[in-house]
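See below for the structure under consideration.
FYI, side chains are in, hydrogens and waters are out, and symmetry mates aren't considered; it's all heavy atoms of this structure. Treat the numbers as computed from the prediction; the structure is a model and nothing was measured. Start at 1 and go down the list; that is how both ligands and their atoms are numbered.
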Amino acid sequence: MKGLNRAEICDVNFQEFVRGWNGHAQPRPAPGEAILDGSALDARGFRELFESQLISRHLDLMARVLRVQNKVFYTIGSSGHEGNAMVARATRHTDPAFLHYRSGGFMAERFRKLPGMDPIMDSALSFAASAEDPASGGRHKVWGSKPLWVLPQTSTIASHLPKALGTAIAIEAGKRLGTGLPVPEDSITICSFGDASANHATAQTAFNAASWTAYQKLPAPVLFVCEDNGIGISVKTPAGWIGESFRHHPDLDYFYADGLDLAAGYGDVLRAVEHCRRTRRPTFLHLRTTRIMGHAGTDFEIEWRSLEELCAVEASDPLLRSAAIALESGLMTQEEILALYEDIRRKCFSAAEEADRRPRLTTLGQVMAPLAPYTPDEVQAEAARVPALEARIKAFGGEDRLPERQPPRHLAIQINQALHDLLAKYPETLLFGEDVAQKGGVYTVTKGLYKAFGSKRVFNTLLDETTILGLAQGFANMGLLPIPEIQYLAYLHNAIDQLRGEACSLQFFSNDQFRNPMVVRIAGLGYQRGFGGHFHNDNSVTALRDIPGLVVGCPSRGDDAAMMLRTLAALARVDGRVSVFLEPIALYMTKDLYEPGDGQWLTAYPPPEQALVLGEERVYDADATDCVIFTFGNGVPMSLRAARGIEKKHGWKVRVVDLRWLVPLNHAAIAKHAGECERILIVDEGRFSAGIGEGVITAITEAGFGGKPLKRVVGADTYTPLAGAAFLVIPKDEDILAAADALA
Ligand SMILES: Cc1ncc(C[n+]2csc(CCOP(=O)(O)OP(=O)(O)O)c2C)c(N)n1
Ligand SMILES: [Mg+2]
């Protein structure tokens, strides 16, 4: 027995259990009657749930067999968790679901909610990584479905909880805003996960944020379903831990259901779902499950667990219990169960064989097609669409106060005006973050928005960046246009998985069926005089550089900032994209360029029909060819000043290129300027390693201009110290001059 494959043992166990059953069968219940005393399930309900469980089980068994033949590429299964089908039955297909990877039963059951859908074939296509997989287009084995409102999840455990909560809150926010919801107004969101995952910081933050919301009597209709099998890979959850830690969690209403027993569990599942829907309160459903057949096909439990223990786990197989219920209640005979079992096995195998014959992704173009869609003409047209004059007048408080009628202003004011314009243009826009509402942000960049647009659209969140980005995803899922703020770049890093692993991956893993467009405003970079230290002057853009699909824009002046925001909002609306708008704090209030009082860094507010083109640089002195300086952010005014000094000393005419768009870098534009100019300087206020400057050098070198005289002026690989010493670690005007000297 020890050498045997445990999947085969579970398979045989089921058949032997049914064949060997010799209990007493009750008379078959009448239609609509409870299957067993006290059960909330009737005959049809039980029969369908049982079938969903069997579909889930046979998909697992099929995957184990066909994996070794290279026809299936995923073996993390749902065996022992099939009772989660009850949650699908008790909810609607329009209740957005964010699922645990052991949700085969849930999916099979949810497929019943719409006619003409085939859970077996759809799942088989995903297992086979077929390009025709309706969930991800062959990019991953995921549980997902556009018509069934199952948003595909990555396998970073717990990372989906913040956005599930965000989506629940968004249902209520959308209702209040009256801009229309893609799901019924009384929908709830469902979010399942394992017992070990419940300990993860990302999960804990979602539980806390849900409670924080409910504590204030604000609705947050999320159903957290903890599928407690008592183990995470090989680490046991202390017995009783989930019940102990969640039964008394404030403002998170705890329900328990036996997921191993449909007859006993269904009523409790129903109660939890009804509670969540009716009260709109965050609800924690502790669902008892077990894990059979190991963590995945590669997990040979027999090597690290005792045989006695394995046999005990296998004896708790929920399918044995379902078979017993079917027999005891007189609903099915032994022959009927075995025939159904074999029929589903046959369907799963034939679907898998068919899926294996379907095309797979064969080119890089196919793989990347849904990652970062971009339709430039539509984006440009949308960016240039002017908000209604009436709405603008209301937002700015009078026609004479329209910003394009005001004198030139600095960056902070122009961002503020542009945000007013965006909120006026898009009634579905929400702006939120820490301190952004009444206070108007740490630097007053969001000042007046709360007053102009009200607390439904401009609000403070709790102090948690993971939740802020989870909320953004949730709002976006419900069709709103979120503009979250991360107060300082340094505070993004603890929550960056919500961008890297979640928001930016949704279009990719859903084959662009789901989109979570957003514009994330982040204040950052160095050079603040007399303030800060590291955490307020963080200059690490590197962490954003390699996030697939992300767009990062960094304006250095007010007019560019306003036009960039219009483009980013249009990119979100038209192509569903996620972007970061990186605001150089030290330039917020900068008014002068060359001399104190020259006012040369003030800009006129661009008329509302003007926008930037994604990727397009701003060029100062385009005719200069002696030297080009590539830079961005604080580097732009520094380089413009240095350009004067260089001309004075070396007689070179200097072209300054403000990249403006940091991710993705415009390699073609960089190559063009590098090709046209004799010498090259790069001024990168980020870090020495893996900063933007490295990307610029790569673009130059790959274009064949690596042989030209080139110098990079760049920050050091260090944290930023407090006070005057901060300027030792980042480029200064003199450093640019010195680099030019070295080129001479
Ligand atoms: C953030 C993160 N850390 C680690 C892992 C690796 N990992 C995948 S599943 C898993 C165990 C999860 O256990 P549990 O939440 O109880 O779910 P179960 O598999 O038991 O259903 C671990 C550690 C991961 N996917 N994501
Ligand atoms: Mg577990």
Side-chain angles (χ1 to χ4, degrees), residues 6-7 10 53 56-57 59-60 63-64 74-85 87 97-107 140-143 152-164 190-207 224-246 256-260 284-301 304-305 309-310 313-314 316-318 466 469-470 493-503 505 509:
R6 302 314 294 185
C10 292
Q53 291 185 305
S56 176
R57 176 61 55 89
L59 286 171
D60 283 4
R64 299 292 170 107
Y74 193 85
T75 54
I76 295 184
S78 306
S79 296
H81 286 242
E82 291 91 344
N84 55 30
V87 181
F98 303 79
L99 299 179
H100 189 38
Y101 43 76
R102 302 201 193 280
S103 293
F106 181 105
M107 282 304 288
H140 213 290
K141 157 68 187 66
V142 288
W143 297 121
Q153 297 318 306
T154 61
S155 60
T156 311
I157 54 102
S159 56
H160 56 308
L161 274 71
K163 62 181 162 181
I190 300 148
C191 178
S192 52
F193 50 89
D195 47 298
S197 307
N199 299 295
H200 198 277
T202 316
Q204 291 286 329
T205 214
F207 301 139
F224 292 117
V225 182
C226 181
E227 301 191 10
D228 184 3
N229 60 18
I231 198 165
I233 302 187
S234 69
V235 181
K236 289 196 184 137
T237 291
W241 168 243
I242 294 295
E244 188 61 22
S245 67
F246 290 98
Y256 174 83
D258 188 351
L260 299 179
F284 188 96
L285 174 59
H286 180 187
L287 189 69
R288 178 186 175 215
T289 61
T290 188
R291 188 191 75 192
I292 56 180
M293 293 160 53
H295 178 71
T298 46
D299 176 19
F300 298 105
E301 282 179 294
W304 57 271
R305 251 177 133 172
E309 201 182 321
L310 275 181
V313 168
E314 285 158 8
S316 69
D317 183 346
T466 299
L469 295 174
H493 303 303
N494 72 72
I496 200 165
D497 178 53
Q498 290 297 311
L499 285 185
R500 176 183 293 281
E502 301 301 310
S505 76
F509 286 119

Taking 4.0 Å as the limit for heavy-atom contacts, which would you say applies to Glu227 with ligand 1: side chain only, backbone only, both, or neither? neither
Just by distance, do the side chain of Asn84 and the backbone of Arg102 share a donor-acceptor pair under 3.5 Å? yes
Looking at ligand 1, does any of its N/O atoms fall within less than 3.5 Å of an N/O of His100? yes
So the atoms of ligand 1 within less than 4.0 Å of a heavy atom of His295 turn out to be 9 (S), 19 (O)
Check this for me, if you would: do Glu227 and Arg291 make a salt bridge, where the nitrogen-to-carboxylate-oxygen distance has to be below 4.0 angstrom? no
Of all the N, O or S atoms in Asp195, which one sits nearest to the Mg ion (ligand 2)? OD1
Nearest non-hydrogen protein atom, atom 25 (N) of ligand 1: Ser155 O, 2.8 Å
Are the side chain of Trp143 and the backbone N or O of Met107 linked by a donor-acceptor pair below 3.5 Å? no
Using a 3.5 Å distance criterion without hydrogens, assess whether the side chain of Asp195 forms a donor-acceptor pair with backbone atoms of Ile231. yes
Got Phe224 and Leu285 here, is their nearest side-chain heavy-atom distance under 4.5 Å? no
Heavy atom of the protein closest to atom 12 (C) of ligand 1 (residue, atom name, distance): Tyr101 OH, 3.4 Å
Can you sort out which atoms of ligand 1 are near Asn229, meaning under 4.0 Å from one of its heavy atoms? 18 (P), 20 (O), 21 (O)
Look only at the side chain of His140 and the backbone of Val142, and say whether a donor-acceptor pair between them is shorter than 3.5 Å. no
Under 4.0 Å from one or more heavy atoms of Thr156, ligand 1 contributes atoms 1 (C), 26 (N)
Does the side chain of Glu82 pick up a donor-acceptor pair with the side chain of Ser56 at under 3.5 Å? no
If we set the cut-off at 4.0 Å for heavy atoms, which region of His200 has an atom near ligand 1: side chain, backbone, both, or neither? side chain
Could you check whether any heavy atom of Arg102 sits closer than 4.0 Å to an atom of ligand 1, since that is the contact criterion I want to use? yes
Quick check: does any side chain N or O of Thr289 sit under 3.5 Å from a backbone N or O of Asp228, one acting as donor and the other as acceptor? yes
Does the side chain of Thr154 come under 3.5 Å of the side chain of Glu502 through a donor N or O and an acceptor N or O? yes
So which heavy atom in the protein is nearest atom 15 (O) of ligand 1, and how far is it from that ligand atom? Ser197 OG, 2.5 Å
Quick one: are the ring centres of His100 and Phe193 less than 6.0 Å apart? no
Any Lys/Arg nitrogen of Glu314 or Arg6 sitting under 4.0 Å from an Asp/Glu carboxylate oxygen of the other? yes
Answer yes or no: is there a donor N or O on one side and an acceptor on the other, between the side chain of Gln153 and the main chain of Phe98, under 3.5 Å? no
Could you list which atoms of ligand 1 come closer than 4.0 Å to a heavy atom of Gly194? 14 (P), 15 (O), 16 (O), 17 (O)
Does only the side chain of Ile76 get under 4.0 Å from ligand 1, or the backbone, or both, or neither? Count heavy atoms. neither
Within 4.0 Å of some non-hydrogen atom of Ala196, the atoms of ligand 1 are 13 (O), 14 (P), 15 (O), 16 (O)
Determine, considering heavy atoms only, which of Ile233, Asp299, Asp228 sits nearest to atom 11 (C) of ligand 1. Ile233
Give a yes/no answer: is there an N/O/S atom of Ile231 under 2.8 Å from the Mg ion (ligand 2)? yes
Tell me whether the Mg ion (ligand 2) has Asn229 as a neighbour, meaning an N, O or S atom of it below 2.8 Å. yes
Given Thr154, Ile157, Asn199, Ile242, which has its nearest heavy atom closest to atom 5 (C) of ligand 1? Ile157
Atom 13 (O) of ligand 1 sits nearest the protein heavy atom Gly232 CA, 3.2 Å
